[in-house]
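Every chain is numbered from 1, with letters handed out A, B, ... down the list of sequences.
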Number of protein chains: 2
Amino acid sequence: MCNALTDDELEFLTRAAQRVSLAPGTVFVEEGEKASYFYNINQGNVRLFKSLPDGRRQITGFAGPGYFLGLAAGENNAFSAEAMDHVKLCRFSRASLMAVFEELPVLERKLLDVAMHELVLAQQQMLLLGRKTAIERIASFLLAWAERLEICPAGRLPAPNAVMKLPLSRTDLADYLGLTIETVSRSLSQLKRDGIIDIPNIHEIILTRPRALSEIAEAAV
Amino acid sequence: MCNALTDDELEFLTRAAQRVSLAPGTVFVEEGEKASYFYNINQGNVRLFKSLPDGRRQITGFAGPGYFLGLAAGENNAFSAEAMDHVKLCRFSRASLMAVFEELPVLERKLLDVAMHELVLAQQQMLLLGRKTAIERIASFLLAWAERLEICPAGRLPAPNAVMKLPLSRTDLADYLGLTIETVSRSLSQLKRDGIIDIPNIHEIILTRPRALSEIAEAAV
DNA sequence: CGACCCATTGACGGTGGTCAAGGGCTGTGG
DNA sequence: CCACAGCCCTTGACCACCGTCAATGGGTCG
């Protein structure tokens, strides 16, 4: 999820790049537009999403520092991207990326790895969106987020009572999990009532009983 | 979606491969197992899916001849794969693939293209699963399937009254679209009642009014 | 012809969406 | 320093879409 490239490779890569700084809320990739650029995020966070004409929105992922952006695109972008806070990133054209590949073939391998990992995450999310209940989605998300923050190694559970920052609005959460903000709120409240998590404030969650969370997330029988 | 490699490249590639023949229903990739192989399908069709312990299933895609299989995997497979009919495929170890890359670097670029295209499809499916209603999912699927069968060019609508083979069971359809077979059936019936499609038999659909279908699929306002 | 499987249709119920009111936090201005 | 506005979150009441359960229909194969 985070930086898949070494500092050296990044340095080489960004030599061909433009540095860009974005205010919160800036939409810098528009779904359907010609896909001209790749991006590498240096600072800040970005949400990736698709929309329907009537305003329904599905967030397909979040991207933080080190994240490589622009893989889900053919001729045109398959998604939009919006800065969640103050974002700094490197932008380079698809053409210059091809040139970089000539110089640094290992990059191509790495990008393939990144793309493959994205695919793994996408399939996980499809299972979540297609087949899990509201509370299972919330539980799955909380554990996935803990892994992302490296509160625990991939595939392991966080320690009981681990504290986790959650710098997302309920709206973002809902649009990511295919729910409404009300359902997100209710599900979090239920987990709290059941003593599985605690919510000291809106942007912090304590994973009181990660094991119980995991049993809900994986629909253990 | 279909063959992204030229015949020459395929021929080179398959020199390092084992040829395998599978009976219908054979599960030849198991989610969670060590990801040892890549596959290229020569004949027949395959469904890719993820499951929950209680039996809920999400089909993440279908793969036909020419399809390259095994990208959504890190250490372990992120999905299972099952032969839908009699399948012939080439199987080669990840190690030998790396060796092939040395000989034929263009393959690596092509695989990256394939992975990127898969990502585009995955994001489309996330929007469908997270935010579309039952009938919108069915409409979207029918149009996507028409593109897949090359009844129409990508991004264009099929001609009115185009006839389409649909060699999927209602169960497969339901598990792909995150619905139940009853809801799939009811939605198809409704589209038929509304004169938008016709269903001469279970495995054939006539796209009577593709424009109307598209307006439903894209939630046109 | 009958058995079996799958799809369709109907009746009913539940999960989650919609609509609306209330609460808490933050920032601003008097 | 307090008051108030505005925003977001929470909670409640109600409702609708879709899932569940069950009966029926149709096609295929023995």
Span of DNA chain D, from the first to the last nucleotide whose atoms fall under 4.0 Å of chain A heavy atoms: D:dC9 to D:dA13
Would you please indicate yes or no on a ring centroid separation below 6.0 angstrom for A:Phe49 and A:Tyr176? no
From CD1 of B:Ile181 over to C1' of C:dC5, roughly how many Å is that when rounded to an integer? 11 Å
Taking the cut-offs as 6.0 angstrom to the six-membered ring centre and 45 degrees off its axis, would you call A:Arg91 and A:Tyr39 a cation-pi pair? no
Can you tell me if the side-chain N/O atoms of A:Thr183 get under 4.0 Å from OP1 or OP2 in C:dG16? no
Using atom NZ of B:Lys192 as one end and atom P of C:dA7 as the other, report the distance to the nearest whole Å. 15 Å
Using whole Å, report how far CD of A:Glu182 lies from P of C:dA20. 12 Å
Starting at atom NZ of A:Lys132, determine the distance to atom C1' of C:dT15, rounded to an integer number of angstrom. 17 Å
Counting neighbours of CZ on B:Arg211 that are heavy atoms of other residues, nucleotides or ligands and sit closer than 6.0 Å, is the number greater than 12? no
Would you call the rings of B:Phe68 and B:Phe92 parallel, tilted or perpendicular, taking 30° and 60° as the class edges? tilted
Whichever of B:Ser185 and A:Ile135 has its nearest DNA chain C nucleotide further upstream toward 5': B:Ser185
In whole Å, what is the span from the CG atom of A:Asn201 to the C1' atom of C:dG24? 12 Å
Could you tell me how far apart A:Arg186 (CZ) and C:dT15 (P) are, to the nearest whole angstrom? 13 Å
Roughly how many Å is it from CZ in B:Arg56 to C1' in C:dT15, rounded to a whole number? 13 Å
A:His86 side-chain N/O to A:Ala23 backbone N/O, donor-acceptor pair under 3.5 Å: no
What contact category does A:Leu179 fall into here, base, sugar-phosphate, or nothing, at under 4.0 angstrom with non-hydrogen atoms? sugar-phosphate
Want to settle it: does A:Ile202 or A:Arg131 sit nearer the 5' end of DNA chain D, counting the closest nucleotide to each? A:Ile202
Just how far, in rounded Å, is P of C:dC6 from CZ of B:Arg170? 13 Å
Could you check whether any side-chain N or O of A:Arg131 sits under 3.5 Å from a backbone N or O of B:Gln58, counting only pairs where one atom can act as donor and the other as acceptor? no
Taking the basic N atoms (NZ, or NE/NH1/NH2) and the acidic carboxylate oxygens, is any pair closer than 4.0 Å for B:Asp175 and B:Arg56? no
